[in-house]
There are 2 protein chains.
Amino acid sequence: MQQTAHRARSQRWQGALAVLRHVHAHPAATRADVARALGLSSGSATEITARLKAARLVAEADPRPTGERGRPSPALVAHPRGPLVCVVDIGHEHWRVATVELGGGIAGLESGRHADRDAGAVLARLRGRVAAVRRRYGPRVRAVSVAVAGTVRGGTVVQASGMGWSEVDLQLLPSGSRTPLLVGNDASLAGLAEARRGVGAGARVVLHLTVEVGVGGILVVDGRPVDGATGAGGEFGHMPFGDPARACPCGAHGCWDLEVDGRAMARLLGQPPPRDPRTAAERALRAAAGGDPSARAAVAAAARALGRGVGGLVNALDPDMVSLSGLAIDLAATAPDELNAGYLAGLMRFRRAAPPPLLTSTLGPLSPVTGAAEAAFDVLLTEEGLESWLATAG
Amino acid sequence: MQQTAHRARSQRWQGALAVLRHVHAHPAATRADVARALGLSSGSATEITARLKAARLVAEADPRPTGERGRPSPALVAHPRGPLVCVVDIGHEHWRVATVELGGGIAGLESGRHADRDAGAVLARLRGRVAAVRRRYGPRVRAVSVAVAGTVRGGTVVQASGMGWSEVDLQLLPSGSRTPLLVGNDASLAGLAEARRGVGAGARVVLHLTVEVGVGGILVVDGRPVDGATGAGGEFGHMPFGDPARACPCGAHGCWDLEVDGRAMARLLGQPPPRDPRTAAERALRAAAGGDPSARAAVAAAARALGRGVGGLVNALDPDMVSLSGLAIDLAATAPDELNAGYLAGLMRFRRAAPPPLLTSTLGPLSPVTGAAEAAFDVLLTEEGLESWLATAG
DNA sequence: CGGAATATGCTCGTGGTACGAGGATAAAAG
DNA sequence: CTTTTATCCTCGTACCACGAGCATATTCCG
């Protein structure tokens, strides 16, 4: 039963891979659903699921009574000894280390606040947590995937101003380890998760935007993130939608960032530049909600600037919908009319009859974790990934 | 030898399709090249090429002496009775109707100037030319693909202000015809061509930008155009990079369009808004090249505005390179320092050490034709397209 | 309560595709 | 003219999916 090596490159396991991808994307799917969706005959479904079960990739849950006629179909779920991804989420204040299985289920989750934001200290702690996960699960951990609140290029953090980092190499694995390490921006990964499993599920082209300190996000087309040549795509906050005279810490001028976040609101309120723009924004939003007219005006201006930029991005990128997250949700809640007015004014006329809806993202604070897991499974659910799993686990 | 219907959905002809796509993308490739690139055994290559030859999809040219050692390998080329695409290019002033074969070779080309720019008149003439192509080649014509100088959404022209069109349905085929009709923006399709076969060949992420009246273009990732939910993506000229007080004919304000084209230069020269911004721009560029200081200043400002916007787009989209076309080439030639200064100033600091190069596109005026043919072959080189070809031609 | 209707799962024979080894072929190099 | 290099062809083998036929599990309905 020894299989030849080269064969794998062409079509071997292609059907199994398609099934596996479908199971991952639709965790509740029954075997019959999968067969229908993929156009498989029931014979093929039988054979493929048998192979996937033998390879410890999927398991079949007891069929649950659906109330429908016909023979009940077992649901395909992650195998209890199947592949896992270790996800690390590095925020400005907090960290998370999660273990995610096929289908997106979270098998384990730890979190905490940074005791010391220094890169060395943060990474030392996270290395320990990752090592613990790998000790516990052994070779089931197929990848480590990091979501970090900073600009990422080619696997390293170029800048994470919230933590005072610049040019940090995220060495989270012992040197020499062959486990792949993936790194992405947290807002972009959150957008990937929203597009696939959140508010964007079903839409083909999703523009995700989040406001925290500045604006981040991602365009997701057919479930694939448009993250550029080096993974640094999605830095929409550094498009020059603002006042060309205003310098941005990024080095450019007139960045959109400076018009919509806590820095913008503080400026509009006549306050000095805030040390922590996130809480400054929250303060302004609370004051505006409480009826303070000058806060109201500042929030309105930020909302309008947000809407105007979204309009420009929609003109250029033509999404089916826009998913809003972070402070953008609060801006939309506090100043919906201004956001909408800015959005419509920014759109080309022909788009105004039926503009892509601005929708609130639904996945919550774990969305970067989910997105990082998605990115990792994208790598694992390939022929190479499968081959490697079969070699170790088969 | 009757083949079952369902089989085709899974992996039938998958290998042949991969070969066909490779041949299309690499017209000069020998059979050995293809086998190597796709990891095919020589036996498989033999079988697949035999099948493709029998299906009148590819032919093998006489092996040419290469001067290298070893048995010469025949080149795989388009079959002389293989599938064709009828391409229609509708510019502001001119039209073209081309017949393109697999691999991108142009088998026939007609062109002319619009006698009357009215949509009805233009379409009537083009319908005639398309009908002539279809009469001549019969069922070999598998698709009609249109590149039009206007905003396209979902297969119809929303607006083509250069010709005074709005909401034009491009009915170029007799009603009831089953031949697929594809429609795209000319600048976006030109960018697709440049990314695949022009200056962007080899790059994974290409941002193509062209200046004519306003700015158009496309982002191409892994050879796939990022053209949005309705095909209207790439309207980069309507991002608000300019003065927010300035109204754009598109309905929005502050569009980049208004800062870089002939309208911008006329404005900077204190002239009234030109009826034909294209020739106004050419006039200003000529005057600047001739040494006129005020024209020089106007061109410099437009070049700087172009560079600044390109910087913002690079920040957000992270391409490997930027391909410039149309008047952008002239701006780059006339005011290279200003363009570059604007570009670098618009980039985030971490990008400035190795910014994506701004390169001049290479395909020339036929690039929209090539791009439209590419878009059509993308549809034809699928299982459905192949199946349909085999049904009629097999 | 029991047969009909419905939906799904399993078995097995068949066909299509790719592999890989071995030999044949066509050019350049020595 | 022989050797080297690179390619092409033939053929036996393996794998995967199909589809028909039958088995199984549930709901519906008289």
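Lettering follows sequence order; numbering is per chain, from 1. These numbers come from the heavy atoms of this one structure, side chains and all, not from hydrogens, waters or symmetry mates.
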Take A/T49 and B/G70, find for each the nucleotide of DNA chain C with the closest heavy atom, and name the residue whose nucleotide sits nearer the 5' end. A/T49
From CZ of B/R64 over to C1' of D/dT7, roughly how many Å is that when rounded to an integer? 18 Å
From CG of A/L52 over to C1' of C/dG9, roughly how many Å is that when rounded to an integer? 16 Å
Quick one: do the A/R134 and A/T179 side chains pair a donor with an acceptor below 3.5 Å? yes
OP1, OP2 of D/dC22 versus side-chain N and O of A/R71: anything below 4.0 Å? no
Please determine if A/D378 and A/R21 form a salt bridge, counting it only when a charged side-chain N lies under 4.0 Å from a carboxylate O. no
Report yes or no: is the cationic atom of A/R51 (NZ for Lys, CZ for Arg) under 6.0 Å from the centre of the six-membered ring of A/W13, at an angle within 45° of the ring normal? yes
Round to the nearest Å and state the distance from B/W13 atom CH2 to C/dG15 atom P. 19 Å
Between A/G43 and A/R69, which residue's closest nucleotide on DNA chain D lies nearer the 5′ terminus? A/G43
d(CD1, B/I48; P, C/dG20) in whole Å: 14 Å
Closest of D/dC8, C/dA18, D/dA17 to the B/T46 side chain is D/dC8
Please report the distance, rounded to the nearest Å, between CG in A/L40 and P in D/dA20. 16 Å
How many Å lie between CG on A/L76 and P on C/dT8, as a whole number? 13 Å
Report which part of the nucleic acid A/P63 touches: base, sugar-phosphate, or nothing (heavy-atom distance under 4.0 Å, all strands). nothing
A/E101 and A/H79: side-chain donor and acceptor closer than 3.5 Å? no
May I have the distance from A/E68 (atom CD) to C/dT6 (atom C1'), rounded to whole angstrom? 11 Å
Once you round it to whole Å, what is the distance between P of D/dA25 and CG of A/D62? 13 Å
Assign each of A/P72 and B/A16 the nucleotide of DNA chain C bearing its closest heavy atom; nearer the 5' end lies the nucleotide of A/P72
Are A/D320 and A/R204 ion-paired here, with the side-chain N under 4.0 Å from a carboxylate O? no
Reckon A/S44 has a side-chain N or O less than 4.0 Å from the OP1 or OP2 of D/dC18? yes
Side-chain N or O of A/R36 less than 4.0 angstrom from OP1 or OP2 on C/dT8? yes
Between C/dC19, D/dA17, D/dT26, which nucleotide has the shortest distance from any of its atoms to the side chain of A/E47? D/dA17
Side-chain N,O (B/S42) to OP1/OP2 (C/dG20) below 4.0 Å: no
Return the nearest nucleotide to the side chain of A/S41; candidates are C/dT17, D/dT7, D/dG19. D/dG19
